[in-house]
Amino acid sequence: MATDIGALDTFPKLLLHHAAVRGARPAIREKDRGIWQTWSWTQFADEVRAIACGLAQQGLGRGDHMALVGDNRPRIYAAMCAAQCLGAVPVPLYQDAVAAEMAFPIQNAEIVHAVGEDQEQVDKLLEILPQCPTLKHIYYDDPRGLRHYAQPQLASYDRLREIGVEAAKRDPGFLEREIEKGSGDDPAAMFFTSGTTATPKGVVLTHHALIDRARAAAEMEGLTDRDVVIAYLPPAWIGQNIFSYAQPFATGYCICCPESAETLMTDMREIGPSYYFAPPRVLEALLTQVSIRMEDAGRLKRTMYRHFMDVARRVGGAILDGKPVGMAQRLHYALGDLLVYGPLRNVLGMSRVRVAYTAGEAIGPDLFKFYRSIGINLKQLYGSTETSVFVCVQPNGQVKADTVGPAVRGVELKFTPQRELLIRSPGLFREYYKNPQATEQAKDADGWFHTGDAGYLDADGHLKIIDRVKDVGKLDDGTLFAPKYLENKLKFFPYIKEAVAFGHARDHVCAFINIDMEAVGNWAEKRKLAYTGYVDLASRKEVRDLITQCVEQVNADLAADPELAGSQIHRFLLLHKELDADDGELTRTRKVRRGYIAERYESLVEALYAGKESVHVEAQVRYEDGRTGQISADLSICDARSFPPAAARKAA
Amino acid sequence: MFYREVGQYKTSYAADQALLPILQDRIGIAVILLIAFVAVPLTASNFALDSVLIPILVLSLAATGLNLLTGYTGLLSLGTGGFMGVGAFACYKLTTIFPNVNIIFLILCSGFFAAAIGTVFGLPSLRIKGFYLAVATLAAQFFLSWCFIRIPWLYNYNISASIEVPTKTLFGLAVTGPTASSTTRYLLVLSIVTVLVLMAANLMRGRIGRTWMAVRDMDLAAELIGIRLYQTKLLAFAVSSFYCGVAGAMMAFLWLGNAESESFNINQSFLILFMVIIGGLGSLLGSFLGAALIWGLPIVLRHAPAYLGLHIRSATVDQSTFVILGVLIIFFLIVEPHGLARLWQIGKQKLRVWPFPY
Amino acid sequence: MTETEARAQRIGAPVLAVEEVSLTFGGVRALSEVSFDVREHEVRAIIGPNGAGKSSMLNVLNGFYQPQHGIIRFRGREFRGMKPHAAATMGIGRTFQNIALFRGMTVLDNIMVGRNLKMRGNLLQEAFWLPAARREEIEHRRAVEEIIDFLEIQHIRRTPVGQLPYGLQKRVELARALAMEPSVLLLDEPMAGMNLEEKQDMCRFVLDVNDHYGTTIVLIEHDMGVVMDISDRVVVLDYGSKIADGTPEAVRADQAVIDAYLGVAH
Amino acid sequence: MHILYSIFVDPFMQMAHAPDLLVQTLWDGLVSGVLYALIALGFVLIFKASGVFNFAQGIMVVFAALTLVGLNEHGVPAYLALALTVVVMLVLAIAVERAILRPLVNQPEIILFMATFGLTYVLIGLGELIFGGDPKVMISDQLGLPSGSYRINMLGGYVQLQKIDIAAAIIASLMVAGLGIVFNRTRIGRALRAVADSHRAALSVGISLEQIWVVVWFAAGVVALATGIMWGARSNVSFALEIIALKALPVLILGGFTSIPGAIVGGLIIGVGEKMGEFYWGPLVGGGIESWFAYVIALVFLLFRPQGLFGERIIERL
């Protein structure tokens with residue numbers, strides 16, 4: 001190859017490389033106006049050139065920061081690359097965050113230029129303008145509804161593009177010169193961690209870090225420019241950005257943006273991605289959909305489905321891993337593939353998935369086994385924003401339900417006495433922006449990053465994550481209490497949407513449980529149970545009995561594992577409302593904010609441990625359109641049978 | 001179950017609006033055409049061709065014509081038989097006046113005559129609707145039947161008031177008349193039917209098809225949107241009669257070899273109406289399924305006793321066919337008022353979302 | 001320059017007017033000597049208690065009923081009574097009180113029917129799907145996709161209309177009317193039977209249509225809140241005759257209107 | 001010029017020359033008009049009560065006549081055969097209600113209309129299976145129906161009036177009067193009309209649809225039997241009759257689908273119109289125009305008054 005791979009150390013250089021080598025190949029597709037609009041690598045490079053020159057005219061210089069707020073759209077990724085061409089640092093923000101949450105990042109990074117997708121994002125930026133004096137230019141992509149906006153800061157993306165095209169004509173070599181100035185160590189992007197605790201921190205990642213990790217994982221999976229990825233998660237989350245920005249630049253494959261959230265399922269089935277990433281909650285939601293729809297099927301189809309699912313549960317995973325399986329079993333599975341698993345993968349849009357990752361939080365073992373058993377090569381991945389994602393990845397053939405796989409090439413792992421995991425890798429972040437104390441705290445002198453996760457290496461060298469260090473607790477009698485592990489087992493049942501376990505420094509474990517409105521509602525309708533809304537459904541006796549059965553089944557599984565037998569759930573209550581990010585109970589990526597919940601529902605936790613039968617709760621709730629209302633309900637507390645730990649079990 | 005729609009995405013409107021956007025459907029149609037054009041001529045016996053396949057194809061074309069009018073535009077017509085007759089006699093007169101002109105061209109031209117007559121009898125459709133319109137087409141049927149007997153010029157003053165089809169050749173091969181082999185006639189009928197049904201499918205996915213369906217569903221709203229009701233209805237009558245005319249011409253020339261007023265009487269109209277209703281109003285596939293069932297069933301019933309070794313007087317078999325046919329029509333209307341095509345559509349939809357129910 | 005001043009500048013001369021229009025059918029006197037005008041780019045509301053003749057007025061405007069008396073003036077031309085087809089060609093589109101969608105077709109086909117006036121494909125071109133017909137179909141499909149995107153109904157593009165919930169059917173009907181690229185749009189109770197959220201969406205769409213496409217809107221509506229919010233001028237009908245005409249604030253304070261609604265003995 | 005003369009002037013000249021022939025044609029027209037009216041009456045009965053356009057009314061006439069004659073052939077005395085046929089018609093009504101109408105309640109009219117096509121085929125098949133396909137002679141004398149004819153000399157010639165036709169006219173008018181009273185005055189009549197307007201509305205006020213439909217189809221069956229007897233007396237009983245039943249359609253067009261007097265008046269107009277047309281204008285175009293002339297009359301009528309003589313004006317609202 002003309003330029004050796006080493007010299008391509010920044011994303012803009014990679015862009016020019018792809019435009020030269022595979023110019024006609026599709027770089028990015030977007031379902032818009034009913035069909036898939038396609039940008040080839042040359043077209044994408046031209047778009048980036050126009051926007052970069054435009055931004056340069058508008059005064060965006062090396063080292064400046066530029067905010068990007070919006071859904072997965074080709075123009076958002078073009079703007080991101082354009083900023084990098086000028087040596088500026090793109091800062092993607094969550095598009096469903098409220099205005100207040102955007103103020104801190106913009107002040108912190110002194111952002112002058114921002115690209116917003118549509119009127120909704122522009123309104124948020126205009127709302128926080130008073131607190132962000134630095135913000136001078138806001139470019140909007142979709143002009144809908146913005147015709148009468150006369151604010152001076154506003155300019156349309158198309159106008160920016162026109163300025164860029166004229167500028168590029170005047171000085172054709174300008175962009176190449178700017179790109180040459182860039183080097184691997186320059187910051188490529190800044191991601192604000194959602195942070196389950198204090199204010200968010202700006203993680204600065206260099207070109208080198210992102211590209212190196214992207215290449216390491218690509219080589220491991222043999223990704224080529226023929227692969228296809230669907231980009232549907234928020235671009236501001238490193239989990240999505242690595243797959244829809246860093247890796248396509250590293251390998252040249254094509255990313256596809258769905259038309260809208262409602263059409264995601266059909267768009268995914270149309271595109272048929274070969275390389276797929278989904279956090280556990282998305283996989284859970286899919287499984288719940290599958291079980292609800294199968295429940296409504298005719299008796300014949302249901303029995304067929306259950307029969308072949310048992311076959312899959314027994315042999316599916318083994319066949320996928322290439323382990324030896326009897327011929328009769330293999331034939332039986334093949335029949336199942338024709339009748340159930342093939343069509344199921346087809347309807348879920350996953351027929352062409354070669355590699356599927358899940359990460360972001362620990363996944364329930366049964367949920368994980370379900371996808372592998374129907375032939376989807378789902379593998380676990382561990383990483384975080386600070387480590388450019390790829391730390392541990394399960395290679396094909398060594399996939400286990402409860403580990404996250406061995407370290408990826410170039411990553412070193414070390415453990416502190418409290419079992420905290422330390423990591424050293426080329427993908428480490430440079431610093432928390434303008435937060436030296438946090439940087440020291442996280443990265444010590446000789447480059448080890450403190451992940452804050454507790455875990456250990458198992459016999460095959462696979463990393464096994466227990467929980468967040470500060471969450472891993474001990475019951476009074478010292479037995480290990482890993483709340484996330486319990487919560488994931490509970491969440492495997494379609495009827496349970498979210499769960500929060502308590503037990504640290506207590507004598508037994510209790511839990512809050514959120515029922516899944518759709519699944520339980522469907523279950524109730526089948527039994528002719530009338531209910532008015534979420535609160536009424538959650539308070540019904542029959543629903544409590546249903547959830548008690550689920551909890552008792554979890555307790556039975558826990559009893560089988562000597563280490564966890566002590567942390568069986570004794571008492572639980574069904575929350576009167578769904579935990580929601582808008583009320584601060586979850587992070588933007590739907591992770592439980594344990595500390596906040598314990599503090600806010602203090603009275604409920606005490607009632608659980610005081611052995612009370614029921615507790616009254618008054619809570620303020622924020623509705624979708626911003627109005628707040630009062631919910632009051634009497635939550636009755638239920639007891640769940642726990643099982644004696646199994647006698648001497650052979651080592652797990 | 002057999003559908004694998006993953007990866008079939010459309011990057012252009014032309015692809016999105018294709019007749020068969022899904023790959024598996026394209027494969028299905030290709031297989032059917034292959035069987036029809038290659039396998040059948042090689043294997044089918046003359047009996048199968050002459051008394052089963054050719055009739056079904058010809059009647060399917062007539063049913064398609066009626067479906068365009070009744071299924072897609074909502075105008076009930078009982079004059080199909082008459083319009084087919086016009087096609088047959090027009091073709092006969094054309095061959096006598098222009099003996100050496102290509103027969104296929106004449107068959108298609110006779111369709112235009114039927115279209116003209118159809119439009120004339122469609123004129124009342126502006127002022128009257130529903131059953132009342134059925135009377136107008138019934139008047140056409142009886143009037144045309146009367147003409148086929150009372151106007152000797154139509155059958156060249158032949159005393160038996162019927163027409164004998166002369167032998168016509170195409171590229172040296174006998175195509176009509178007694179010497180023409182069943183296979184050639186079958187292939188000719190098949191190609192004409194395929195082309196015309198393809199044209200009908202194209203019409204239905206374009207502007208004209210939509211205006212017809214709009215007139216069927218809510219003609220008042222259609223008018224307020226700027227659709228000229230009168231022109232749309234007349235166009236429907238014209239195109240529908242064209243199809244019936246061509247079907248009639250093929251019936252005389254490529255199937256029976258002769259024709260007289262009896263073969264285009266009111267019973268023929270009812271027969272085709274049954275095919276469209278049982279097959280499925282508003283579905284081209286329905287016309288084929290209906291024709292195959294309503295024509296095929298009596299043949300099967302007639303041969304069933306012999307096949308099963310029971311020997312029943314042929315008269316009783318014929319009469320019981322009537323009863324079974326009547327019971328079948330009622331049964332279908334109860335089970336699926338929208339006909340076989342809807343059953344086929346439901347089945348296909350179930351396969352697409354297999355293993356889910358919806 | 002505030003929002004309202006921007007709107008006031010854009011409203012032009014009267015584009016549609018009715019003078020002394022009276023309509024009776026079967027002895028029922030639906031309208032008696034009603035006169036009012038509608039200005040370019042305006043959102044004109046027609047309100048009044050049930051049976052006041054609102055729908056009949058709309059049906060006269062787009063030619064569904066022919067008035068016995070009075071004149072309709074549209075863009076400088078006078079008509080004793082409109083022909084439905086003529087009204088459509090001149091750019092008067094409408095939606096219906098109880099939905100008049102084509103139940104046998106999908107959402108996309110319903111909206112494409114709205115493009116009918118603008119399409120020229122003849123029988124031969126369409127039957128053989130010749131390039132001329134194919135190009136025209138694609139060009140009009142693109143225009144329809146703009147409207148689908150505008151009204152955010154991408155996810156129901158291929159659903160048969162009969163299966164849609166009420167609110168979405170109303171939106172598809174608005175899309176079909178917009179597909180005709182009307183200069184005047186008659187909306188017959190577009191928000192009847194909708195919950196709060198659907199009403200807010202429909203209000204936003206009506207305003208966007210008026211703003212983005214510059215279409216003059218004639219709106220029949222019961223919900224006074226909606227009328228006050230989005231209409232520039234209001235005409236009030238009661239028992240077939242006009243009892244008030246003016247800005248929403250003026251009309252709300254008008255005693256005759258209050259009596260009509262609160263039912264003072266006539 | 002000659003054509004215009006022969007169409008518009010010559011026929012009327014002929015009428016003037018042979019008034020008795022005119023009267024005879026008129027009488028023949030009236031008689032066939034009565035029979036058309038009777039068939040139309042059967043259609044109206046069922047349409048008025050169940051909204052179903054019963055295409056099978058024609059074959060029911062044939063089936064009733066065949067049953068009567070068939071039973072008689074098997075040695076059943078005439079009056080007993082008549083009673084038995086009435087019972088057969090009752091059984092048929094119950095069967096139709098049970099097998100066709102009940103499962104198709106609330107279906108659109110076209111579906112019910114098609115179901116009656118199915119019924120027609122079933123009855124043709126059954127008729128032929130049980131009673132054989134060949135035409136039969138009506139046993140009118142055993143039933144005490146008058147035979148022979150009166151000869152009245154008038155207007156310089158003579159007019160032949162068949163006694164059977166007079167009897168038919170009397171029976172027809174008795175039936176019409178009876179049904180008219182039942183429909184408009186009695187409780188059952190009101191229920192019948194309610195069901196016709198809307199099945200759901202009738203059900204909501206507790207009218208049992210099944211009962212009403214059986215009553216209505218039975219009444220139509222009896223009318224069909226009477227028609228079969230009258231018709232059979234004139235020309236023998238055969239399946240050709242079924243096509244002639246289609247003539248009832250123009251009668252309904254003229255008279256309106258839901259009015260009983262309309263059916264009678266419509267029938268007479270069509271009957272007379274057809275006979276006159278055939279007799280005077282037929283020869284001009286080669287005769288035999290009887291098969292379609294009735295439809296032309298109805299069509300011309302429709303263009304001026306789409307809802308027929310007595311039907312209500314159809315107002316379409318949006």
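These numbers come from a predicted model, not from an experiment. Order of the sequence lines fixes the chain letters, A, B, ..., with proteins taken first and strands second; residue numbering starts at 1 for each chain. These values consider heavy atoms only, across backbone and side chains, with no hydrogens, waters or symmetry-generated copies.
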Visitor: Given a strict heavy-atom distance threshold of 4.5 Å, which part of Glu146(C) is in contact with chain A: side chain, backbone, both, or neither?
Guide: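 Contact with chain A is through both the backbone and side chain of Glu146(C).
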Visitor: Please report the shortest heavy-atom distance between Asp149(C) and Arg144(A), naming the atom on each side.
Guide: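 For Asp149(C) and Arg144(A), the tightest heavy-atom pair comes out as O-NH1, 4.3 Å.
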Visitor: I'd like to know whether NZ of Lys497(A) has more than 12 heavy-atom contacts from other residues, nucleotides or ligands below 6.0 angstrom.
Guide: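 At most 12 heavy atoms, drawn from other residues, nucleotides or ligands, come within 6.0 Å of this atom.
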Visitor: Could you check whether any side-chain heavy atom of Gln154(C) comes within less than 4.5 Å of a side-chain heavy atom of Asp32(A), counting everything from C-beta outward?
Guide: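 Gln154(C) does not reach Asp32(A) side chain to side chain.
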Visitor: Would you call Glu152(C) and Glu262(A) a side-chain contact if the rule is heavy atoms closer than 4.5 Å?
Guide: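 No, every pair of side-chain atoms sits at 4.5 Å or beyond.
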Visitor: Checking Arg33(A) side chain against Arg142(C) main chain: does a donor-acceptor pair fall under 3.5 Å?
Guide: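 No, because the side chain of Arg33(A) does not come within donor-acceptor range (under 3.5 Å) of the backbone of Arg142(C).
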Visitor: Arg204(C), Arg157(C), His155(C), Arg141(C): which one forms the most heavy-atom pairs within less than 4.5 Å of chain A?
Guide: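 Among Arg204(C), Arg157(C), His155(C), Arg141(C), the one with the most close pairs to chain A is Arg157(C).
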Visitor: Run Arg158(C) and Thr266(A) through side-chain contact (heavy atoms from CB on, under 4.5 Å) and show every step you take.
Guide: CA-CA 11 Å; Arg158(C) 294 276 188 224; Thr266(A) 17; over 6 Å; no
Visitor: Got more than 12 heavy atoms from elsewhere within 6.0 Å of CZ, Arg281(A)?
Guide: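 Counting neighbours around CZ of Arg281(A), more than 12 heavy atoms of other residues, nucleotides or ligands fall under 6.0 Å, so yes.
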